[in-house]
Amino acid sequence: MKIVITRKIPNEIVQLLEQYYVIKMWGKENEPMPRELLLEEVADADAVFTNVADQINQEFFEHAPKLKTVCTMAVGFDNIDVQEATNRGISIGHTPGVLTEATADLTFALLMATARRIVEGMDYLRQDQWTSWGPMLLTGQSIYGKTIGIIGMGRIGEAVARRASGFSMDILYHNRMRKHDVEDQLGVKYCSLVELLKQSDYVVLLTPSTPETAKMIGAKQFELMKKSAIFINTSRGTNVDEEALYRALKEGEIFAAGLDVFEKEPISSNHPLVSLDNVVLIPHIGSATIETRMEMAMITAKNILRALSGEKLLHTVNPEVYERINN
Ligand code: GLV
């Protein structure tokens with residue numbers, strides 16, 4: 001059986017898979033496998049080891065008649081047509097859980113870097129502008145004791161709330177469903193999206209990307225935020241109206257934004273957001289610690305090994321396929 005791996009991944013993971021299967025791996029770490037090559041290679045593939053940058057859509061499935069599983073080295077799977085996979089009896093594996101703490105760390109790092117203008121400070125120094133100490137030089141926003149509003153109280157939202165407690169922040173959240181157990185454990189307060197946007201000093205977006213969340217934060221929502229508010233997005237860029245965000249930042253409707261994700265990735269250095277001073281922008285690295293990425297790769301490999309030997313995956317998005325396979 002054959003496994004297509006769409007990025008160069010660490011050797012130990014490849015070795016684990018090639019003990020049992022034929023591997024076709026794209027040789028580059030930071031560039032996607034060209035689409036035509038991917039479509040050609042999946043023609044006789046049994047499994048695909050993918051990531052957030054591949055479009056696993058109907059066209060892809062049409063080229064892959066033997067496919068049994070697609071396993072993504074990510075928690076998010078908005079780049080995968082899960083319904084189409086399920087219709088075809090193809091399991092979709094992903095890696096929830098292991099990246100929760102790393103992503104919450106990054107979310108908080110982005111919040112702090114944005115509030116305290118860390119990147120601007122480094123640029124200032126690099127450009128030799130630092131001539132003396134200044135009473136109001138690079139003054140940002142306080143973090144300790146302020147109000148944070150978390151939109152999307154899933155695993156990562158909870159982990160961010162735990163960090164915010166350490167900073168004595170008041171924690172508001174908005175979620176599709178109210179979570180009384182989390183409220184009891186973490187002292188977070190449920191409120192409507194409008195209330196959250198009005199009251200929060202930090203608005204942190206952590207919802208998955210679904211048709212319901214598309215551009216859920218746009219002009220109206222930025223207008224509701226405080227002028228001193230900082231907006232952080234470590235979920236998916238498609239959840240935000242980027243043009244409206246640009247305008248809000250440019251016109252001082254909000255203080256700043258920290259973004260790990262964008263409507264269309266990658267963005268280039270001439271993207272309008274890059275021209276602003278009141279942003280911290282990073283290239284979709286929420287889970288990027290060595291330990292976390294190794295664990296994610298290992299789980300993805302194990303998901304594939306299990307799927308190919310007819311076992312249940314460690315984490316699957318569409319468990320309905322088990323019934324199809326067994327009947
Ligand atoms: C990264 O964005 C992921 O979904 O794991």
Side-chain angles (χ1 to χ4, degrees), residues 5-10 13 29-33 48-57 60 69-82 85 91-111 150-160 175-176 204-217 231-240 242 257-267 273 280-304 313-318:
I5 307 178
T6 68
R7 284 298 164 95
K8 186 174 184 310
I9 56 166
I13 310 292
E29 220 180 293
N30 301 318
E31 268 180 48
M33 188 173 199
V48 173
F49 185 124
T50 184
N51 60 71
V52 295
D54 295 319
Q55 281 313 310
I56 308 295
N57 54 13
F60 168 92
T69 194
V70 173
C71 296
T72 183
M73 187 177 146
V75 62
F77 47 85
D78 48 293
N79 57 320
I80 301 176
D81 186 339
V82 177
S91 59
I92 303 295
H94 70 148
T95 66
V98 287
L99 46 67
T100 301
E101 302 301 338
T103 308
D105 282 346
L106 191 281
T107 304
F108 228 83
L110 205 44
L111 183 156
I150 300 175
I151 307 170
M153 189 50 85
R155 280 176 288 248
I156 301 170
E158 288 179 32
V160 169
N175 199 53
R176 257 179 321 161
V204 178
L205 187 59
L206 285 165
T207 46
S209 164
T210 65
E212 294 78 52
T213 63
K215 296 194 195 239
M216 69 177 284
I217 304 297
F231 174 65
I232 304 294
N233 187 10
T234 46
S235 59
R236 285 294 184 265
T238 46
N239 296 335
V240 176
E242 235 164 48
L259 310 171
D260 183 40
V261 288
F262 302 88
E263 240 175 286
K264 194 167 178 319
E265 296 177 7
I267 62 165
L273 284 170
V280 176
L281 310 175
I282 47 175
H284 202 148
I285 53 171
S287 61
T289 71
I290 297 163
E291 300 97 313
T292 302
R293 287 287 167 88
M294 283 304 292
E295 274 188 89
M296 289 164 72
M298 186 57 86
I299 290 175
T300 309
K302 286 185 179 166
N303 272 340
I304 290 180
L313 281 65
L314 292 176
H315 301 284
T316 187
V317 169
N318 59 347

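Note: hydrogens, waters and symmetry copies are ignored here, and every other heavy atom, side chains too, is used. Numbers here are sequence positions counted from 1. Owing to the predicted nature of the structure, the values given are computational and were not obtained by experimental measurement. In each ligand, atom 1 is the first atom listed, and ligand 1 is the first ligand listed.
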key: side-chain hydrogen bond (donor to acceptor under 3.5 Å, both in side chains) against Asn79, all qualifying residues, sequence neighbours excluded   = none
Partners passing side-chain hydrogen bond (donor to acceptor under 3.5 Å, both in side chains) against Glu212 (at least two apart in sequence or in another chain) = Thr210
May I have the N/O to N/O pairs between ligand 1 and the protein that fall below 3.5 Å, each with atom names and distance to one decimal?
from, atom 1, to, atom 2, distance (Å)
ligand 1, 2 (O), Arg236, NH1, 2.7
ligand 1, 2 (O), Arg236, NH2, 3.3
ligand 1, 2 (O), His284, NE2, 2.6
ligand 1, 4 (O), Val75, N, 3.4
ligand 1, 4 (O), Gly76, N, 2.7
ligand 1, 4 (O), Arg236, NH2, 2.8
ligand 1, 5 (O), Val75, N, 2.8

query = So, does Asp54 use its side chain to make a donor-acceptor pair with the main chain of Thr6 at under 3.5 Å?
reply = no
task = Answer yes or no: is there a donor N or O on one side and an acceptor on the other, between the side chain of Thr213 and the main chain of Pro208, under 3.5 Å?
result = yes
For Glu101, side-chain hydrogen bond (donor to acceptor under 3.5 Å, both in side chains) partners two or more places apart = Arg162, Arg163
ask   = Within the side chain of Asn318, is there an N or O that forms a donor-acceptor pair under 3.5 Å with the backbone of Ser91?
value = no
